[in-house]
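All ligand and atom numbering here is 1-based and tracks the order in the structure. In this chain, residues are counted from 1 in sequence order.
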Amino acid sequence: MQKAILITGANKGIGFEIARQCGKIGFHVIISGRNAEAINASLEKLRDMGIHADSLLMDVSSMESIKSAAETFSQMNLKLDVLVNNAGIGPKGDHSILTDTPELIQTILATNSFGPLYVTREFLPFINRPGRIIMISSSGGVLNGPVPGWSPAYCVSKTMLNAFTKQIAYDLKADKIAVNAVCPGWVKTDMGGSGATRRVEKGAETPVWLATEAPLSLTGKFIKDKEEQNW
Ligand code: NAP
């Protein structure tokens, strides 16, 4: 039976590339995004490549939108083998945790931290056992080294995402659902910018490995380049 993968924020960047790579190896790909026009244009691109793809409108920063997307998904009569919580923002103006506006901090946390948690909760009934959940995190979120010195609220949001990853993995171990956070490296996307060191194909490599070949016993970890990292 064809495996199915749902990827959030997949109209561009790393999410779209994960969709492309998984589609090319035979997955049924469901891409989701918050902008109908953008997600439909990306859906067309995937279908033009011969990929079995569908789309789902979902703003991960809105509980209402997540619930509505889960309701729409339930009518598609599909089960998921993999959920990738990829959607994220790294907005301008995130300079100091002491002076960033509360609205900016809350928007970043709503999207990068609570979004993946609530998407996971709402889509869990559709995930097969064994199954896989992948959180696209960042080395900016690790606590075992110096403060990176850039985008502090973004870094905190990824620390929180890592903590959620560990707790969710613990809760889902008995269900044989592997849950891991991954750092894609510094990737040339709209977020990463043109100065980034990695092409998007490389950024998607480890998430695709976690979606396919990684051992299911690997869970509750922070992974970069297919290797467990200290976090
Ligand atoms: P990107 O090109 O800016 O893509 C981000 C995606 O997330 C877009 O599809 C965007 O949709 C979507 N998104 C943002 N807010 C959303 C929301 N509320 N609901 C649904 N979708 C939303 O960035 P990227 O580099 O591919 O980033 C993907 C993930 O990798 C993020 O979690 C990011 O933090 C992580 N990451 C990236 C890098 C890097 O160097 N690029 C490094 C470490 C981690 P719109 O088009 O509608 O905005």
Practice task
Grab the two heavy atoms, one from C22 and one from I5, that are nearest each other, plus how far apart they are.
Solution key: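 Minimum heavy-atom separation between C22 and I5: SG-CD1, 3.8 Å.
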With I134 as reference, evaluate L83, N180, I223, L210 under the side chain to side chain contact (heavy atoms under 4.5 Å, CB included) test and give the passing residue.
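Answer to the side chain to side chain contact (heavy atoms under 4.5 Å, CB included) test with I134 among L83, N180, I223, L210: L210.
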Sorted by chain and residue number, the side chain to side chain donor-acceptor pair (under 3.5 Å) partners of N162 (sequence neighbours excluded) come out as S137
Sorted by chain and residue number, the side chain to side chain donor-acceptor pair (under 3.5 Å) partners of K202 (sequence neighbours excluded) come out as E205
Taking the basic N atoms (NZ, or NE/NH1/NH2) and the acidic carboxylate oxygens, is any pair closer than 4.0 Å for K67 and E64?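 Answer for the salt bridge query: no.
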Neighbour list for ligand 1 [protein residues, heavy atom under 4.0 Å]: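 Contacting ligand 1 under 4.0 Å are G9, N11, K12, G13, I14, R34, M58, D59, V60, S61, N86, A87, G88, I89, T111, I136, S137, S138, Y154, K158, P184, G185, W186, V187, T189, D190, M191, G192.
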Can you give each donor-acceptor pair under 3.5 Å made by side-chain atoms of residues 145-155, sequence neighbours left out, with the distance rounded to 0.1 Å?
none

